[in-house]
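Reckoned from all heavy atoms, side chains included, excluding hydrogens, waters and symmetry mates. Reminder, nothing fancy here: chain letters follow the sequence lines and each chain counts from 1.
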Amino acid sequence: MSLKKEYQRLPGRRYLSFGVSRSSLWLGKDHLLQVINRGYTEEYRRYQYTDIQAIIFRETPTWQRLNAILGGISFVCLLILALGFTVWRWDEFGLIPMATATFFWLLLFVIHLAAGRTCVCHLRTAVRFEPLPSLFRMRNAFKAIALMQRRIESVQGTLAPPETTIEEQHGS
Amino acid sequence: MDQPGASLFCTKCDRELPASIAKPRTLTPCPSCGVKSFWVLFPAFHEVKKGRAGESLLVDTDAGCFYHPQKKAELACEYCGRFICALCDVEIEGKHLCPPCVESGKQKGRLKSLDNHRVLYDSVAFTLAVLPLAVVVFIYFTFITAPIALFMAIRFWNAPTGILHRSKWRMVVAILISSLEIAGWVALVYFLITRGID
């Protein structure tokens, strides 16, 4: 088996410490690998499938809060731009920088809106309770958990009585 | 349903969630803080894993563990061949090893599954070669960084990079650019010297 195929990438990646490091998750043959890339070094944490007891999400209000902030800034920028164009009669030296700033904030707002709700995800073993920072968007977390669930259950078996999978529950 | 010590609890407020309320695989609001959690439980959650203590010697003819002479040897370490008891047996990558061999295997990099840290020399060399060019103010630093980048790229060409697949393109770019930088400096010095002589 080539090195390239040894691990399967899971959805989700998160930049931490102001972009200095990034975290990602990979499915291995018998373990889940968490990679924390710090630019010039990589740190690895392995979780054997047999040891994983639970995966826990918690919905966070970050998405709503950031939507309110970014939406508010975008709205104010649009308002100033509209007033500058119609009421204050700005020339192009006023309009172009304002339009650029408005576009920038609107773009951030749309990207954040489209990225979806946020969550915090933890992985529980008998001795550890580890955060999984790469799974911080619900959409990515659901996809990643569905893949992890399949792999872990192929090793541990399923809990009886069989329950619906995360994919079935959310219709994705 | 729950075993002692394996309880569900809210990851926001740390309050314990009663098993009847915290249904696995359903978004469940915490009765204390109201934050919704989503639990995916696996059979290991309900298992009680007990460590093996090692069997005591029953008769004098039984082989004893090298590290615990009073414990019965169950197998031999696959690296050093010493007899070890169940307590000393560490199973890694399908091999049964004794604790000192695990430690030395980790230090010498023989046990890949214990490798938890890697230095990305290719990224270091690439940055040393490219960054001073990208930030024009630092272009004179290439006098120092270019030889270092070239040395690192050649010295660590065969060194293991990340566990995940990484191609050598950073090393190649670092060698090319740092060579060009060194050539540029040599040309500049030569030009200055010859002009000074004339």
Margin query: Heavy-atom pairs under 4.5 Å with chain B - which of A:Q156, A:M148, A:E59, A:R45 has more of them than the others?
Written below: A:Q156

Determine whether [X] and [Y] make a side-chain contact, defined as any pair of heavy atoms from C-beta on separated by less than 4.5 Å.
X     : Y      : result
A:E42 : B:L120 : yes
A:L33 : B:L164 : yes
B:V35 : A:T60  : no
B:F42 : A:Q53  : no
A:I55 : B:W39  : no

Notebook entry, point to check: If you tally heavy-atom pairs under 4.5 Å against chain A, which of B:C10, B:G162, B:C30, B:S113 wins?
Noted result: B:S113

Count the heavy atoms of every other residue, nucleotide or ligand shown that sit under 6.0 Å from [atom1] of [X], and state whether that count exceeds 12.
X      : atom1 : result
B:Y79  : OH    : yes
A:R9   : CZ    : yes
A:F129 : CZ    : yes
B:F143 : CZ    : no

Are [X] and [Y] connected, step by step, through hydrophobic side chains (Ile, Leu, Val, Met, Phe, Trp, Tyr) whose heavy atoms are closer than 4.5 Å?
X      : Y      : answer
B:I177 : B:W185 : yes
A:W105 : A:F103 : no
A:L107 : A:I73  : no
B:W169 : B:I154 : yes
A:I145 : A:F136 : no

What heavy-atom pair brings [X] and [Y] nearest, and what distance separates the two atoms?
X      : Y      : result
B:P43  : A:G157 : CG-O, 3.2 Å
B:A44  : A:T50  : CB-O, 3.7 Å
B:H117 : A:Y44  : N-CD1, 3.8 Å
A:R46  : B:L114 : NH1-C, 4.3 Å
B:T11  : A:R58  : OG1-NE, 2.8 Å

Check: At a heavy-atom separation under 4.5 Å, does A:N37 approach chain B through its side chain, its backbone, both, or neither?
Finding: side chain

Checklist line | Proximity breakdown for A:V120 and chain B, heavy-atom pairs closer than 4.5 Å | finding: neither

Check: What's the verdict on side-chain contact (heavy atoms from CB on, under 4.5 Å) for A:Y7 and B:I163, showing C-alpha distance, side-chain angles and the deciding distance?
Finding: CA-CA 9 Å; A:Y7 290 102; B:I163 283 179; 3.7 Å; yes

Item checked: Side chain A:R124, main chain B:L41, donor-acceptor under 3.5 Å -> no

Next item on the list: First locate atom CZ of B:F45, then atom OG1 of A:T125, and finally report the distance between them rounded to the nearest 0.5 Å.
Entry: 12.0 Å

Note to self: Could you check whether A:Y40 and B:F126 have their ring centres less than 6.0 Å apart?
What the structure shows: no

Item checked: Which atoms of B:D115 approach chain A - backbone, side chain, both or neither, heavy atom under 4.5 Å -> both

